[in-house]
Number of protein chains: 2
Amino acid sequence: MDDPRWLDETEMAAWRGFVEATNLVARRLERQLKEDAGLSHTQYEILVQLSAVPGGSLRMTDLADRLVTSKSGLTYQVTQLEKAGLVARRSCPSDVRGVFAEITDQGWAVLRAAAPGHVAAVREALIDVLTPAQLAALADSLGTVSDRLRAADS
Amino acid sequence: MDDPRWLDETEMAAWRGFVEATNLVARRLERQLKEDAGLSHTQYEILVQLSAVPGGSLRMTDLADRLVTSKSGLTYQVTQLEKAGLVARRSCPSDVRGVFAEITDQGWAVLRAAAPGHVAAVREALIDVLTPAQLAALADSLGTVSDRLRAADS
DNA sequence: ACACCTTGGTTCGAATTTGAACAACCGGAG
DNA sequence: CTCCGGTTGTTCAAATTCGAACCAAGGTGT
């Protein structure tokens, strides 16, 4: 570990900003969703992902990958959502092991009810704070970061 | 909740990128630190914050604020670090209720040993993936986000 | 001195997360 | 066909997180 390249001032600012903004935003949205919709951010994201795909259902592994969470964590949350009636498990015809998570009508209703407040909170915390140019740059940079990390994992 | 302002394409890309990059980076660093140094990111951050301040000690509340975590969460982690000998609790002379968390010599040693690998991981995941201009923009944007959220909380 | 409201930290219980271990299954090489 | 490495989803125990309740101690105004 000889003489690592430490971060210069800008790099450090970017990193600290990333860590801090990350935590603050996550915290804020977690609270907003819990209070206004009774959902955790993870649960909300599950509904969003399912709602965004034709058929409203995804394989567990696929869903876990999109959510960037562990398989076991997803199993737990899908079970919670299933108990609440917002999601249903459906077995996969072509693969006995496979399980589809599918958003239910009630899940759609809850999602539709929660979305406006959530979007407003996202705007308040992140979007409306930045200029369109900053947003475009942010989308580009973070998209690159995500792509690289995804590639590195596979 | 009449007719909320939904996110346009760029805004959505920025938000999705934020969520995804956030999770991917956090996940990656959590694993790196755990494997290479036996520390969680939270614990590492505690050591970093303490090491960055003259005297190497901070009040619990102050530390919790910097870490963007709950008071109870900090109590737990400081206790863990105390058991490991990396941090010590010290009472505050001017306020009986007050408690200082102070980094120990062993804490310094662990931090120094962990830092190079952590910095390398941060570079790999975020810093070296972006151009200097992107980094500067990122630092600026996320700094703004953090400042706004901090202000909103107080 | 006396209420009273705020602060600082810890404790407690409930919810969540993770990785490792597991059991069952798929699919291709030989 | 059969074997075997890789997949799929779940279960399990352990670690972590949070918020609410709590106790004790400041600090203020009267």
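Please read all numbers here as calculations on a predicted model, not as lab measurements. Proteins come first, then strands; the chains are lettered A, B, ... in the order of their sequence lines, and each starts at number 1. Below, each value reflects all heavy atoms present in this structure, side chains not excepted, and no hydrogens, waters or symmetry copies.
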*Asks:* Check DNA chain C against residues 27-53 of chain A and give the residues with a non-hydrogen atom under 4.0 Å, in numerical order.
*Replies:* Lys34(A), Thr42(A)
*Asks:* Say whether, by atom type as modelled, one donor and one acceptor occur between the side chain of Thr104(B) and the main chain of Gly85(B) under 3.5 angstrom.
*Replies:* yes
*Asks:* Taking the side chain as every heavy atom from C-beta outward, state whether Gln134(A) and Val129(A) have any pair of such atoms under 4.5 Å apart.
*Replies:* no
*Asks:* Counting N and O atoms only, with roles assigned by atom type, does the side chain of Arg148(B) sit under 3.5 Å from a partner on the main chain of Leu126(A), one being a donor and the other an acceptor?
*Replies:* no
*Asks:* Using modelled atom types only, decide if a donor and an acceptor are shared between the side chain of Arg66(A) and the backbone of Ile46(A) within a distance under 3.5 Å.
*Replies:* no
*Asks:* With no hydrogens and no angle check, just 3.5 Å: does a side-chain donor-acceptor pair link Asp62(B) and Gln49(B)?
*Replies:* no
*Asks:* What residues from residues 15-26 of chain B pass a heavy-atom cutoff of under 4.0 Å to DNA chain D?
*Replies:* none
*Asks:* Measure the distance from CG on Leu67(B) to C1' on dT16(D) and round it to the nearest whole Å.
*Replies:* 14 Å
*Asks:* Is the phosphate of dA15(C), meaning OP1 or OP2, less than 4.0 Å from a side-chain N or O of Gln77(A)?
*Replies:* no
*Asks:* Between Phe18(A) and Leu142(A), is any pair of side-chain heavy atoms under 4.5 Å apart?
*Replies:* yes
*Asks:* Roughly how many Å is it from CD in Gln80(A) to P in dA14(C), rounded to a whole number?
*Replies:* 15 Å
*Asks:* Counting C-beta onward and ignoring hydrogens, is there a side-chain heavy-atom pair between Arg59(A) and Cys92(A) closer than 4.5 Å?
*Replies:* yes
*Asks:* Decide yes or no for Val119(A) and Arg5(B): does some side-chain heavy atom of the first lie under 4.5 Å from some side-chain heavy atom of the second?
*Replies:* no
*Asks:* Check whether the side chains of Arg89(A) and Thr79(A) place a donor and an acceptor atom closer than 3.5 Å, and report yes or no.
*Replies:* yes
*Asks:* Which nucleotides of nucleotides 3-13 of chain D have their base under 4.0 Å from a protein heavy atom (B), which only their sugar-phosphate (S), and which neither (-), written as one string 5' to 3'?
*Replies:* ---BBBBBB--
*Asks:* Kindly say whether Gln43(A) contributes a backbone atom to a donor-acceptor pair with the side chain of Gln77(A) at under 3.5 angstrom?
*Replies:* no
